Amino acid sequence: MTNQIDEFLRSVTVLDTETTALRPDEAEIVEVAGCHWDGAFWHPRGMLLNARRGIPPEASAKNNISRRMIENQPYFDQAVKDIKGLLRWNDAAYFVAHNAAYDRQVLGHAWHRMESVADARVCDDQSRWICTWRLSRQVLGHQFGDIEYGLNYLRYLLDLDVPDGHAVHRAADDAMTCALLLHALVDFAIEQGQVTEDGDIGAQLHALCWQHITVAKWPFGKYRGVALSEIPDDYYAWALKNLPALNEADPGYDRDLSESVRQLLEGRLAAAGDE
């Protein structure tokens, strides 16, 4: 491993959160974990947190965190010092997560509830974040379905060195898996010439991560699986007014789908103007 790669890995916090709900604005964090590289091994560490509105059974069924497990734990706003230490909040050059948009939003809402504006800004600042879900799409280059970019799927696809006893949807274990995925993606990106070892690894990965990902097929609804180029204009007119995925102000906004639709419609307008 070169000094540049090692320096980058030492500078990041790979993190994961487990929550009470899928919507970031409704979710409370019930577990948070950070994973750090010491030059030889990744070291994950997590902590449980209580939830003022409780944890619903549908959340427990996914993350295996029960009401009894959190009832004597501190709330997020009571454990700020420990959380920041766990995440190296004030020192990490980058925060890395799988589907980082969700973790950024739930952490951002947690900080906002505390009126901690400076910490919330860290979550809003995309320059501080790298998403391994997006990076996987950029580096692996396959037209997988969404599930096949899931962290657990990639764990087995790439035969990551995850201990067999690791549990899916527990924060420390998922952070460890994400860290191993990041490590593998760095190697793949260098092998493929997408990243150069003699440059700033973090800056290159960040730029690669946030490049536009072209969406070729419509992901849901009546046109699910249909090529975007085959969908009629009247449906796009309806979708632009009604679908959260195309509304930048909505938590469900999909920046890659929106940009792909924009490019397609601009191309159609230009073609119509040339006729």
Side-chain angles (χ1 to χ4, degrees), residues 4 7-17 19 22-25 27 29 32-37 83-84 86-141 146 149-151 154 171 174-175 178-179 181-183 185-186 189 194-196 199-215 219 244-263:
Q4 290 88 341
E7 181 179 345
F8 163 71
L9 295 177
R10 287 177 183 272
S11 75
V12 307
T13 292
V14 183
L15 64 83
D16 186 61
T17 59
T19 68
L22 289 176
R23 283 185 60 93
D25 56 338
I29 298 173
V32 61
C35 192
H36 303 101
W37 175 251
I83 292 168
K84 286 189 171 183
L86 186 107
L87 299 179
R88 296 183 186 171
W89 190 251
N90 296 319
D91 301 314
Y94 295 97
F95 298 103
V96 180
H98 202 71
N99 190 15
Y102 182 79
D103 297 280
R104 288 172 62 188
Q105 289 180 68
V106 294
L107 282 165
H109 283 292
W111 294 123
H112 275 300
R113 292 184 194 112
M114 294 176 52
E115 299 183 353
S116 184
V117 176
D119 291 314
R121 283 177 182 156
V122 173
C123 299
D124 294 334
D125 184 1
Q126 185 169 285
S127 71
R128 299 288 305 281
W129 292 80
I130 293 173
C131 175
T132 51
W133 181 84
R134 293 186 61 84
L135 202 57
S136 296
R137 294 179 69 106
Q138 301 284 20
V139 173
L140 299 179
D146 284 347
Y149 281 108
L151 184 59
L154 292 170
D174 277 0
C178 185
L181 173 60
L182 172 69
H183 210 146
L185 292 173
V186 171
Q194 294 168 295
V195 168
T196 60
D200 185 326
I201 301 291
Q204 292 178 83
L205 283 175
H206 183 274
L208 180 61
C209 167
W210 295 109
Q211 284 178 11
H212 169 58
I213 298 170
T214 300
V215 177
L246 301 181
N247 179 357
E248 192 169 2
D250 193 280
Y253 178 65
D254 186 329
R255 64 195 294 267
D256 295 305
L257 177 62
S258 182
E259 177 62 15
S260 296
V261 169
R262 185 192 68 78
Q263 291 180 8

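Residue indices begin at 1 and follow the sequence shown. Treat the numbers as computed from the prediction; the structure is a model and nothing was measured. All values below were derived from every heavy atom in this structure, side-chain atoms included, with hydrogens, water molecules and symmetry-related copies excluded.
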**Message:** Working to the nearest 0.5 angstrom, can you tell me the gap between L15 CG and L107 CG?
**Reply:** 6.5 Å
**Complete:** side chain to side chain contact (heavy atoms under 4.5 Å, CB included) filter on I213, not counting sequence neighbours, yields R134, R137, Q138, D256
**Asked** From H109 NE2 over to C123 SG, what is the distance, rounded to the nearest 0.5 angstrom?
**Response** 10.0 Å
**Request:** Keeping the roles fixed (side chain from R104, backbone from A97), state whether a donor-acceptor pair exists under 3.5 Å.
**Result:** no
**Message:** Could you work out, with salt bridge (Lys or Arg N to Asp or Glu O under 4.0 Å) as the rule, every residue matching R262, not counting sequence neighbours?
**Reply:** E259, E266
**Item:** Where A100 and C131 come nearest, the two heavy atoms and their spacing
**Value:** N-SG, 3.4 Å
**Message:** Within this structure, what is the CG-CG distance for the pair L154 and L140, rounded to the nearest 0.5 Å?
**Reply:** 6.5 Å
**Request:** Give a yes-or-no answer on whether the side chains of T196 and Q204 include a donor-acceptor pair shorter than 3.5 Å.
**Result:** yes
**Prompt:** Considering residues at least two apart in sequence or located in another chain, which fulfil the side chain to side chain contact (heavy atoms under 4.5 Å, CB included) criterion with A175?
**Reply:** D16, A33, C35
**Request:** Compare every heavy atom of W210 with every heavy atom of I130, then report the nearest pair and how far apart it is.
**Result:** CA-NE1, 4.4 Å
**Request:** Would you mind reporting whether H212 and S260 have side-chain heavy atoms less than 4.5 Å apart?
**Result:** yes
**Request:** Just do the side chain to side chain contact (heavy atoms under 4.5 Å, CB included) check on V195 and L205 with the steps written out, would you?
**Result:** CA-CA 7 Å; V195 168; L205 283 175; 3.9 Å; yes
**Request:** Only counting residues at least two apart or in another chain, list the ones meeting salt bridge (Lys or Arg N to Asp or Glu O under 4.0 Å) with R255.
**Result:** none
**Fill in**
Nearest heavy-atom contact between C178 and H98 is SG-N, 3.7 Å
**Item:** Contacts of H36 that satisfy side-chain hydrogen bond (donor to acceptor under 3.5 Å, both in side chains) - sequence neighbours left out
**Value:** T13
**Fill in**
Residue set satisfying side chain to side chain contact (heavy atoms under 4.5 Å, CB included) with L257, at least two apart, ordered chain then number -> V215, W218, P219, F220, L228, A245, L246, D254, V261
**Message:** Restricting to side-chain hydrogen bond (donor to acceptor under 3.5 Å, both in side chains), what partner residues turn up for Q105, sequence neighbours left out?
**Reply:** none
**Item:** Spacing of I201 atom CD1 and L9 atom CG [to the nearest 0.5 Å]
**Value:** 9.0 Å
**Asked** How long is the gap from CH2 on W129 to SG on C209, to the nearest 0.5 Å?
**Response** 11.5 Å
**Request:** Working to the nearest 0.5 Å, report the span between CD of Q211 and NE2 of H206.
**Result:** 11.5 Å
**Item:** For D200, all residues meeting salt bridge (Lys or Arg N to Asp or Glu O under 4.0 Å), sequence neighbours excluded
**Value:** none
**Prompt:** Tell me, which pairs form a salt bridge (Lys or Arg N to Asp or Glu O under 4.0 Å) where one or both residues lie in residues 108-124, sequence neighbours left out?
**Reply:** K84-D119
**Message:** With heavy-atom distances below 4.5 Å as the criterion, would you say the side chains of W37 and V12 are in contact?
**Reply:** no
**Message:** My understanding is that only residues two or more places apart in sequence, or in another chain, count here; which of them pass ring pair (Phe, Tyr, Trp, His ring centres under 6.0 Å) with W89?
**Reply:** F95, W111
**Item:** Flag side-chain contact, heavy atom, 4.5 Å: I83 against L86
**Value:** no
**Asked** Partners of A207 by side chain to side chain contact (heavy atoms under 4.5 Å, CB included), sequence neighbours excluded?
**Response** none
**Message:** Once side-chain hydrogen bond (donor to acceptor under 3.5 Å, both in side chains) is applied, do any residues pair with Y102, and if so which ones, sequence neighbours excluded?
**Reply:** T19
**Message:** If you count heavy atoms of other groups shown closer than 6.0 angstrom to CD of Q126, is the number above 12?
**Reply:** yes
**Asked** Hey, are the side chains of L181 and W133 touching, using non-hydrogen atoms and a 4.5 Å cut-off?
**Response** no
**Request:** Grab the two heavy atoms, one from Y94 and one from G202, that are nearest each other, plus how far apart they are.
**Result:** OH-C, 3.4 Å
